[in-house]
Amino acid sequence: MSRIGLAFSGGGIRSAAFCSGVLRRLLQLKVKIENMSCVSGGGFTGTAYLDWKYRNGQKDNPKWHQEFFNQMRERTGYFCNWQSLVTGLIDTVLVTTIIALVSVILPALIWMTYACPLAYLVDFLVGDLLRATSHAHKHKHNVPDLVYQRNVLFASLLVTSVFSFIVGSIIPWAYIFRLISTSALVILALCVFPWAIHAILENAPTLIQLLVLILAAIVWLGFPAFRRRAEIVMVLFAYAFVIHFRVYKHLFGGLEYSDFTFHVLIWVSGILLWILPFLGAIQQRLMNVFNRWRLQKAFYTPQSVGETGCSGIGWHDLILTYPRFISKERKILNLADFENISPYYICNTTVNNWKRTPDDEESYELLTLTPREIQRLDSPYEEDTFMDKLEPDDIRLSEAMALSAASLSPHLRLVVGDTSQVKHLGTDLMIIVGTAMGTSILSDLQTEGRKNMLYKILPLLMETLRALPLIVFPILYFVDGDEKWMTIAVFFYLGIIFTLSFIAMIPTGKEKPGPPEKLTRWFLINIPYVRFIRDMTGIINVGPSPPPVMRISDGGHTENLGLLPLLKLRLEKIVIANGTECKSDKNYGVELLHSLELARKKLQCSFTALDGRDVMEDIRVNFVDKKQGEQPRSYTFKVSYYSADHDNGIERMVGVGQILLLAPRHPSKGVRTKERVSWKIALRDIDVDLEAGQWGTGPTLKAEEVDRLTFCCCECCHGSTCRSASQWCCGSFPGHSNANQFFTPSLFSAYHREGYRACVEAKAAEFLST
């Protein structure tokens with residue numbers, strides 16, 4: 001039976017550095033860590049340590065420990081390493097290129113292929129109404145004029161959207177109403193936006209036109225309720241100009257219109273829809289794969305990642321259904337390789353858009369990836385949802401790390417600082433422009449891997465069929481010049497789109513799915529457009545069977561400390577290395593209280609102070625509300641484990657344990673010692689040599705050492721010159737913002753030493769060993 005566990009929290013490279021200091025101290029004292037639960041940045045350190053241990057004979061040794069921590073320090077600038085001028089320039093160009101590709105080039109190719117067919121359709125159906133003026137008809141009391149019809153159209157679409165949304169909210173299974181609501185709202189936008197551009201901006205000066213557009217964007221992004229769909233609105237704005245171009249036969253700004261040119265653009269759209277069917281999926285996954293490559297290249301062993309650092313990464317990581325294979329030259333480590341290696345690794349991710357039962361409050365849950373099983377946190381011990389579907393040997397070690405570190409995601413739900421769900425504008429914008437790191441995996445990789453090649457060609461045929469009307473019929477138009485061929489092309493294509501949209505509406509999640517659900521699950525796996533409609537309409541997979549394509553985001557979006565999986569194991573001793581972002585001393589207990597509340601609700605745990613006091617009050621008094629110079633780097637409390645006795649209808653206590661929380665403090669605020677501890681004193685009973693030049697003179701930091709650590713990826717820029725701007729932009733020690741992933745070796749050393757000191761001050765090794 002497992003007895004102790006170590007939790008490494010999320011927090012990017014800041015948390016990785018802090019956790020590495022804790023890990024170093026425990027390894028030096030030869031503490032046998034039985035379980036290690038990692039979230040996001042904590043997984044940088046946790047998985048890299050496991051990789052090094054596997055490649056070094058699966059045994060701990062001070063020699064390779066020192067090499068491991070030195071490499072983490074030297075390569076801490078994993079995104080952009082400016083320790084070498086040439087490397088820094090290459091990394092900068094690479095990062096800039098990837099962001100441009102994901103944020104500009106791919107979105108333009110993907111989204112704008114739909115613009116011209118939609119513009120043709122809008123013009124064909126309501127073009128006369130949009131072009132109408134108030135003087136179109138003089139006798140509107142006898143014959144409704146075009147203006148009156150246009151107003152009725154706008155109002156009808158708005159009422160239809162609102163009514164369908166309300167009905168869809170009241171009747172959970174009525175997903176068709178959600179499709180109607182969304183479709184009506186999109187159609188309304190496609191009609192109103194071009195008309196507004198013509199009515200408001202047509203005769204305005206160019207400067208006023210630009211000002212109005214900028215203000216519209218600011219207003220939309222300024223309200224949280226609007227920002228949730230800001231990316232769609234930005235696309236609709238772009239579509240509006242194309243529709244305006246078709247309806248009013250010119251683009252504001254003076255560009256001349258030609259029917260032939262526009263029809264050529266529709267034909268080109270069909271070609272793009274045919275040859276670029278998977279670009280949307282690649283765009284959503286590319287940043288996650290790039291992040292994984294940079295992390296494993298920086299921190300893993302050369303045997304695991306090769307010369308370029310990309311071993312284990314292939315087309316299957318970019319294209320959902322691409323077959324996986326293992327290189328014959330090099331053993332690529334997967335989770336199953338660590339089944340019998342201590343510590344037992346637990347990767348924390350969040351699976352979204354899935355309710356295990358209809359009564360679940362949230363549509364997301366913690367998904368743990370381990371060397372023995374993959375399981376939802378709320379699944380009973382005896383339930384193995386993914387058996388023979390998604391197994392530990394399907395998940396690479398670095399892939400698990402990157403899945404847990406999908407910090408920027410459209411499914412961001414992390415609670416920070418209060419009781420509401422918070423999304424910051426900066427994060428929203430990064431998601432909108434395509435730099436999200438969330439990704440998706442198939443819930444039944446085993447079955448997909450066994451399918452023959454003929455079966456895998458079928459999706460390509462389906463995508464060809466989807467684009468075929470816009471390719472073939474325009475050619476007939478070019479031959480004889482008859483406009484009807486263009487009309488047939490657009491309406492035929494529209495029919496295919498609505499058919500696929502209807503298929504996306506069919507509910508999934510039943511334990512034994514029928515033919516309609518099986519059909520939908522196949523389309524969700526193989527046709528990206530169906531997945532897109534599913535996401536936009538917010539359909540939730542309800543039932544014990546997981547979604548065919550699981551949307552994965554950062555484990556911290558559910559619980560950021562990595563505590564819950566260890567509590568589910570009912571361990572006796574747990575140490576939490578809390579490297580999460582904390583902008584104020586008053587918020588030091590927020591993450592912990594959030595985790596404890598989830599544990600009470602999901603795992604029936606109860607928490608008290610060591611002296612029996614209420615734990616919330618004890619945290620406030622003994623950990624949060626402490627004066628400068630007396631703020632502790634640790635807090636210890638008790639947990640009681642309960643299990644439901646279904647026969648008697650009660651809960652009974654089945655065990656107790658203790659939890660030790662470690663957190664960084666600023667040198668001038670944390671508990672002060674009479675004298676600074678050097679490495680020589682700290683390591684007097686340990687046969688280990690730390691290089692003082694790299695890791696400072698000892699674990700005890702000075703205020704002047706950390707106050708100079710500004711936001712920068714280059715050592716030469718640290719200092720007092722831009723301290724104020726750096727603190728405003730990305731915080732300061734020990735609360736540098738999660739946005740600051742461009743760490744220098746000096747920044748890494750500071751957090752590493754603080755983690756080491758917190759471990760010494762709290763006697764964490766002794767806590768776990770007794």
Side-chain angles (χ1 to χ4, degrees), residues 100 102-123 125-127 129-131 150 153-154 157-158 161 181-255 257 262 265-266 269 272 279-280 283-284 410 423 425-436 497 532-533 535-537:
V102 171
S103 306
V104 180
I105 300 173
L106 290 181
L109 287 174
I110 295 165
W111 286 101
M112 295 314 294
T113 52
Y114 297 93
C116 290
L118 278 174
Y120 185 95
L121 185 67
V122 170
D123 181 50
L125 295 176
V126 296
L129 298 183
L130 298 181
R131 286 187 289 267
R150 182 180 63 209
L153 172 66
F154 291 170
L157 289 171
L158 181 61
S161 178
S181 175
T182 303
S183 300
L185 193 61
V186 169
I187 294 171
L188 177 62
L190 293 176
C191 295
V192 170
F193 286 177
W195 172 78
I197 290 172
H198 182 77
I200 299 173
L201 302 181
E202 184 68 19
N203 298 316
T206 303
L207 183 61
I208 299 298
Q209 294 174 356
L210 293 175
L211 181 62
V212 170
L213 293 176
I214 293 172
L215 289 176
I218 292 175
V219 169
W220 194 273
L221 295 176
F223 292 91
F226 291 168
R227 290 203 303 267
R228 294 174 186 175
R229 294 300 182 194
E231 67 275 22
I232 301 302
V233 173
M234 292 175 68
V235 171
L236 291 177
F237 269 124
Y239 283 6
F241 286 100
V242 179
I243 295 171
H244 180 278
F245 185 54
R246 169 69 184 184
V247 171
Y248 297 100
K249 309 305 179 185
H250 72 279
L251 187 67
F252 88 96
L255 184 63
Y257 172 84
F262 196 83
L265 290 176
I266 293 177
S269 298
L272 291 175
L279 274 187
Q283 184 214 12
Q284 294 174 10
K423 287 180 69 177
L425 177 58
T427 303
D428 285 333
L429 289 174
M430 296 184 80
I431 293 171
I432 289 167
V433 299
T435 55
I497 290 297
F532 167 76
I533 291 297
D535 284 343
M536 289 301 101
T537 51

For this session: Please step through side chain to side chain contact (heavy atoms under 4.5 Å, CB included) for the pair Arg131 and Asp123, ending with a clear verdict.
Result: CA-CA 10 Å; Arg131 286 187 289 267; Asp123 181 50; 2.9 Å; yes
Roughly how far apart are [X] [atom1] and [Y] [atom2], rounded to 0.5 Å?
X      : Y      : atom1 : atom2 : answer
Leu109 : Leu272 : CG    : CG    : 6.5 Å
Ile533 : Ile497 : CD1   : CD1   : 7.5 Å
Phe241 : Leu236 : CZ    : CG    : 12.5 Å
Leu118 : Ile266 : CG    : CD1   : 10.0 Å

Exercise. In chain order, what residues pass the side chain to side chain contact (heavy atoms under 4.5 Å, CB included) check against Leu153, with sequence neighbours excluded?
Worked result: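 Leu153: side chain to side chain contact (heavy atoms under 4.5 Å, CB included) contacts with Val126, Leu129, Leu157.
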Problem set entry | Residues which pass side chain to side chain contact (heavy atoms under 4.5 Å, CB included) with Thr182, listed by chain and number, not counting sequence neighbours |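 Once residues adjacent in sequence are excluded, the partners of Thr182 under the side chain to side chain contact (heavy atoms under 4.5 Å, CB included) criterion are Val186, Thr537.
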Least distance between heavy atoms, [X] atom then [Y] atom:
X      : Y      : answer
Tyr120 : Arg246 : CE1-NH2, 3.5 Å
Leu265 : Cys116 : CB-SG, 3.6 Å
Gln283 : Pro107 : NE2-CG, 3.2 Å
Met112 : Ser269 : O-OG, 4.4 Å
Leu130 : Tyr248 : O-OH, 2.7 Å
Cys191 : Pro194 : O-CD, 3.5 Å

For this session: Report yes or no: does Ser161 contribute a side-chain atom to a donor-acceptor pair with the main-chain N or O of Leu158 at less than 3.5 Å?
Result: no
Exercise. Taking it one step at a time, do Phe245 and Phe262 satisfy side chain to side chain contact (heavy atoms under 4.5 Å, CB included)?
Worked result: CA-CA 9 Å; Phe245 185 54; Phe262 196 83; 4.2 Å; yes
Exercise. Among all residues two or more places apart in sequence or in another chain, which pass the ring-ring contact (aromatic ring centres under 6.0 Å, His included) test with Phe532?
Worked result: Trp111
Exercise. Can you find a pair of side-chain heavy atoms, one from Tyr239 and one from Tyr114, that are under 4.5 Å apart?
Worked result: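 A side-chain contact under 4.5 Å exists here.
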